[in-house]
2 protein chains.
Amino acid sequence: MDRQEALVQAAYELIAEHGFEGLRTRDVAAKVGVNIATLHYYFPTKEKLIRGVVGYAMGRFRTTLQPSGSPGEQLRAHFAGIRRLARTDPELFVVMGELAMRGRRDRGIAAIVRDVDIVWEKTLTALLRHAAKEGAIANPAKPDELAALIVTTLKGLFMLSGDSRDPKAIDRQLHALERLIA
Amino acid sequence: MDRQEALVQAAYELIAEHGFEGLRTRDVAAKVGVNIATLHYYFPTKEKLIRGVVGYAMGRFRTTLQPSGSPGEQLRAHFAGIRRLARTDPELFVVMGELAMRGRRDRGIAAIVRDVDIVWEKTLTALLRHAAKEGAIANPAKPDELAALIVTTLKGLFMLSGDSRDPKAIDRQLHALERLIA
DNA sequence: GTACCATTCAATCATCTGATTGATGGATAG
DNA sequence: CTATCCATCAATCAGATGATTGAATGGTAC
């Protein structure tokens, strides 16, 4: 496999496991089975490697954002898509949580996180308008504000709650959310 | 001032500023103007110091949770209380976010965070029932589920969004939330 | 074949970091 | 006065950590 990509993926997995706090370049190199100097050959600094992880994680999430399914069901499909992602790639939300926290002290990361948030909100706003027109939900007074609120809730749900909270609790909250906006 | 308390508070502030990732015992001692050995005199290990910070932060948040105001206005007062806290002590939510993330890898912290969450949810459940009885909001089918959802949203709102998002955006989302449950 | 370039490694550096040690000053009790 | 304990400090340790260096290997161009 491509070394550069393998290193990013290893770093991604280690961040998911130990947070930024526990990320060590040595561990990343070891996980790929490569010398530390090789890591520095591809990523001159640890910071550059982290940038790679940011791109990898955000790209991975972006692909989930793309609407699909029959027009009237797109909103529900969006929730289902997020929930499926949380089941298949729980690490992704852990890493995104770490990135959100880090964005507080890192302008570059903050900008990237914000961009993804905005795309997410715009997507959701469109889906809300769509669903309202189809009669699937009540017409919200301000779809964009509702979308922002929903994004906030989903972030809190998937990025902050530990897996101590079983998947059932997450499903329950998702259903409660759908009921609330219906 | 009490040394032990001063050290905890300094650590608390440094975590708010640099996250757990950037917490250094030396910096904590320096901030109090004390030798590193003195820090270790009061807290044998860094982990013990962090436990102190956990207690400090959570205690600080608990006091905000206590209901107050006229019966019919308690729900609104709760939101107002949280919002005020976010204005006067923004660091508190930063630290709580850090703790939530760390709870994923630390059973002890996870338990404490979960306890506070449960108290928060119970408080909110009672307030929702109260508000419904007073006719301030529609009677929710499952107040406890709604409460859990609101807690999730508030956590996402205050613990994940950087201050890049101006306070106005936070106010807007809070109002949208109040409108949604009314 | 030789020169060149990309990739990788073993060894090492400089610094950071949590923690320990032994000593010192001051307060208190007998 | 002296023995004892508390609080604090300067100095230091051992291990961790990000990064660098110089050499080896293998492939490609000419």
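Letters A, B, ... are given to chains in the order of the sequence lines, protein chains preceding strands, and every chain is numbered from 1. Computed from a prediction, not measured in an experiment: that's the story for all the values here.
Look at CG on A/Leu39: it is 12 Å from P on D/dT20, rounded to the nearest Å. Between the P atom of D/dG22 and the NE2 atom of A/His40 lies a distance of 17 Å, rounded to the nearest Å. Straight-line distance from the CZ atom of A/Phe20 to the P atom of D/dT17: 17 Å, rounded to whole Å. For the pair A/Ile36 CD1 and D/dT17 C1', the interatomic distance rounds to 9 Å; values are reported in whole Å. Separating the CG atom of A/Leu14 from the P atom of D/dG18 is a distance of 12 Å, rounded to the nearest angstrom. A/Leu7 places its CG atom 12 Å from the P atom of C/dT7, with the value rounded to the nearest Å. For B/Asp2 and D/dC6, the CG to P distance is 16 Å, given to the nearest whole Å. Taking atom CG on B/Leu23 and atom C1' on C/dA19, their separation rounds to 15 Å, with Å as the unit.
Relative to the side chain of B/Asn35, the nucleotides D/dT20, C/dA19, D/dA10 differ in distance, and D/dA10 lies closest. Closest contact between the side chain of A/Tyr41 and the listed nucleotides C/dA19, C/dC9, C/dT7 involves C/dT7. Among the nucleotides D/dA19, C/dC9, D/dT12, the one closest to any side-chain atom of A/Ala37 is C/dC9. Of the candidate nucleotides D/dG18, C/dT20, C/dC9, D/dG18 has the atom nearest to the side chain of A/Arg26.
A distance of 7.5 Å separates NE2 of B/His40 from OG1 of B/Thr45, quoted to the nearest 0.5 Å.
With salt bridges taken as basic N to acidic carboxylate O contacts below 4.0 Å, one links A/Asp106 and A/Arg51. Taking 4.0 Å as the cut-off between side-chain N and carboxylate O, A/Arg102 and B/Glu21 count as a salt-bridged pair. Between A/Lys155 and A/Asp117 there is a salt bridge, since at least one side-chain N of the basic residue sits less than 4.0 Å from a carboxylate O of the acidic one. A salt bridge links A/Arg105 and B/Glu98; the closest N-O separation between the charged side-chain nitrogens and carboxylate oxygens is under 4.0 Å.
When the side-chain nitrogen and oxygen atoms of A/Arg24 are compared with OP1 and OP2 of D/dT17, one or more of them lie within a distance under 4.0 Å. Taking 4.0 angstrom as the limit, A/Thr38 places a side-chain polar atom (N or O) nearer than this to OP1 or OP2 of C/dC9. In terms of phosphate contacts, A/Arg3 brings a side-chain nitrogen or oxygen within less than 4.0 Å of OP1 or OP2 of C/dT8. For the OP1/OP2 pair of C/dT8 and a distance below 4.0 Å, the side-chain nitrogens and oxygens of A/Tyr42 include at least one atom meeting the criterion. Between C/dT17 and B/Thr25, no contact under 4.0 Å exists linking OP1 or OP2 to a side-chain N or O.
Contact annotation for B/Leu49: no contact, since no heavy-atom pair falls under 4.0 Å across all strands.
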